[in-house]
Amino acid sequence: MQHAVGSPLPSPHLPGQGPHAGWASAAHHPGPHPGVSPGAAPVPPPPLAPGFPAAPSGPVPPAPHQPPVSHHPSAPHQPPGPAGPVQPPPPPQHVSGPPAADSTGHVPLPPGGPVGMPAAPPTAATGPDPTATTLAVLLIGPAGAGKTSVAKYWADHRRVPTAHISLDDVREWVRAGFADPQSGWNDNSEAQYRLARRTCGFAARNFLANGISCILDDAVFPDRPVVGLGGWKRHVGPGLLPVVLLPGLDIVLERNAERTGNRRLTDEEVARIHGRMAGWYGSGLPIIDNSQLDVPGTARVLDEVLSRAIASPPSW
């Protein structure tokens, strides 16, 4: 298609727009417009876009005739017929494809639910390997038992991804208004303890739902099962494996003396807590006396205890 000199070229548009809708055919094809009587007034050209020069007034000279090119050499030559209206090109067809996949880069995470009992591998002849199994472990013990040190070491040396969650650390996220248990156990300190435990349970479920084991540590008292062990089971799930670290009183007093800050308790408080922890004997939970064990040695015994617990989960 040829256009008059000085006229802007049409741009592709949606159906209902473009050359066949807004461009006057008189600017391209001389002669009467189809369907218009000879005596009718000429159709004025549409307004030009800003920045383009106006077309010269008067009749537009016809474009030089271009003989049609035959695509079939064997066809006889036909003389050109009278000029007629040129059909506008069909509008472009837009084929809608399937919706694009989500490419935001967000990683979908499975929802965290209650943790079930870990399944022992069916081919394990010498017992399940706790270092290669996704587990949720709760390490219980008095202040100075070495819970945090053993939990960190155990999490660092496993063959599968493992997280360590300390309830004391989570509880100390509260800065202003922190209810320090050393100042007395009251409604405020118990409320913050429950909140920290629920937060730890939520984190543990999300870690485990994404294939990451976790070990939690807390000084759970056997004489308060609803606040302590029962709450952990409710927030994490029945698959949580509790293990008690319970060295002798002289050991926990010695370790407590090495502490600083609000983690250090009075000797009287340490002795009182240690005495209450003795109630775990006869509870059915596995107990490790790590009085003569260092941290790596205690972690090895913990693996042995967990291997038996996976094969035969404790009733608690």
Side-chain angles (χ1 to χ4, degrees), residues 112-122 124 126-142 145-168 170 197-222 224-247 277 279-290 293 295-316:
V115 180
M117 284 294 182
T126 60
D129 183 3
T131 64
T133 307
T134 303
L135 299 174
V137 180
L138 175 61
L139 210 54
I140 301 171
K147 300 184 302 296
T148 301
S149 300
V150 173
K152 287 181 177 180
Y153 183 92
W154 185 81
D156 286 339
H157 293 81
R158 301 194 74 226
R159 292 191 291 163
V160 294
T162 305
H164 169 231
I165 306 173
S166 175
L167 181 130
D168 285 341
V170 174
R197 185 184 57 194
R198 186 165 63 246
T199 303
C200 292
F202 177 81
R205 291 197 308 271
N206 279 277
F207 277 128
L208 291 159
N210 290 275
I212 300 178
S213 297
C214 61
I215 181 169
L216 308 103
D217 66 80
D218 183 23
V220 181
F221 295 106
R224 302 193 68 184
V226 176
V227 178
L229 198 56
W232 279 113
K233 185 176 182 179
R234 182 171 62 255
H235 291 303
V236 179
L240 183 64
L241 299 176
V243 179
V244 181
L245 289 184
L246 193 53
M277 289 290 174
W280 287 118
Y281 287 105
S283 65
L285 296 187
I287 298 176
I288 300 176
D289 183 354
N290 58 333
L293 298 174
V295 171
T298 306
R300 287 192 297 269
V301 175
L302 177 60
D303 280 333
E304 297 172 3
V305 170
L306 292 174
S307 180
R308 293 192 295 268
I310 296 171
S312 180
S315 177
W316 58 288

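Just so it is clear, the structure is predicted and the values come from calculations on it, not from any experiment.
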Exercise for the section: Dump the intermediate steps for side chain to side chain contact (heavy atoms under 4.5 Å, CB included) on Val305 and Leu241, then the final yes or no. Expected result: CA-CA 10 Å; Val305 170; Leu241 299 176; over 6 Å; no
Exercise for the section: Step by step, work out the side chain to side chain contact (heavy atoms under 4.5 Å, CB included) result for Ile140 and Leu229. Expected result: CA-CA 9 Å; Ile140 301 171; Leu229 198 56; 4.0 Å; yes
Exercise for the section: Apply side chain to side chain contact (heavy atoms under 4.5 Å, CB included) to the pair Val301 and Leu293, showing each step before the final yes or no. Expected result: CA-CA 9 Å; Val301 175; Leu293 298 174; 3.9 Å; yes
Practice task
Decide side chain to side chain contact (heavy atoms under 4.5 Å, CB included) for Cys214 and Val137; before the verdict, give the C-alpha distance in whole Å, the side-chain angles of both, and the deciding distance to 0.1 Å.
Solution key: CA-CA 6 Å; Cys214 61; Val137 180; over 6 Å; no
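Taking CG of Asn290 as the start and CG of Leu245 as the end, the distance is 5.0 Å to the nearest 0.5 Å. Between Asp218 atom CG and Cys200 atom SG the span is 8.0 Å, to the nearest 0.5 Å. Atom CG of Leu216 sits about 6.5 Å away from atom CG of Leu240, to the nearest 0.5 Å. Annotation: the span from Leu285 atom CG to Leu246 atom CG amounts to 11.5 Å, rounded to 0.5 Å. Distance check: Ser213 OG to Leu306 CG gives 10.0 Å after rounding to the nearest 0.5 Å. For the atom pair CG of Leu135 and CD1 of Ile310, the computed distance is 4.5 Å after rounding to the nearest 0.5 Å.
Under the 3.5 Å distance criterion, the side-chain polar atoms of Asp217 are left unmatched by any main-chain donor or acceptor of Leu167. Put simply, the side chain of Arg158 gets close to the backbone of Thr133: a donor and an acceptor are under 3.5 Å apart. Looking only at distances, no side-chain donor or acceptor of Ser307 sits under 3.5 Å from a matching main-chain atom of Glu304. Judged purely by atom type and a 3.5 angstrom limit, Trp280 uses its side chain to pair as donor or acceptor with the backbone of Val220. Side-chain atoms of Asp129 come within 3.5 Å of backbone atoms of Thr131 as a donor-acceptor pair (strictly under, hydrogens ignored). The main-chain N or O of Asp303 is never found under 3.5 Å from a side-chain atom of Arg308 such that the two would form a donor-acceptor pair. Side-chain N or O atoms of Lys147 include none that pairs as donor or acceptor with a backbone N or O of Leu139 at under 3.5 Å.
Applying the salt bridge (charged side-chain N to carboxylate O under 4.0 Å, His left out) criterion to Asp168, with sequence neighbours excluded, gives Arg171. Judged as a ring-ring contact (aromatic ring centres under 6.0 Å, His included), and not counting sequence neighbours, Phe207 has no contacts. For Thr199, the side-chain contact (heavy atoms from CB on, under 4.5 Å) criterion is met by Val170, Trp173, Leu195, not counting sequence neighbours.
The minimum heavy-atom distance linking Met277 with Pro222 is given by the pair CA-CD, 4.3 Å. Contact record, Ala136 with Leu208: CB-CD1, 3.5 Å, taken as the closest heavy-atom pair. The two residues Gly201 and Val236 have their closest heavy-atom pair at CA-CG2, 3.8 Å. For Arg159 against Ala132, the heavy-atom pair with the smallest separation is NH2-CB, 3.5 Å. When all heavy atoms of Ile165 and Ala204 are compared, the pair lying nearest together is CD1-N, 3.9 Å.
Defined by atom type and a distance below 3.5 Å, a donor-acceptor pair is missing between the side-chain atoms of Asp156 and His164.
A 4.5 Å side-chain heavy-atom check between Thr162 and Trp154 finds at least one atom pair inside the cut-off. Residues Phe202 and His235 form no side-chain contact, since every pair of their non-hydrogen atoms from C-beta on lies 4.5 Å or further apart. Under the 4.5 Å side-chain criterion, counting only non-hydrogen atoms from C-beta, Ile212 is not in contact with Val160. Within the 4.5 Å cutoff, side-chain heavy atoms of Pro296 are placed close to those of Tyr153.
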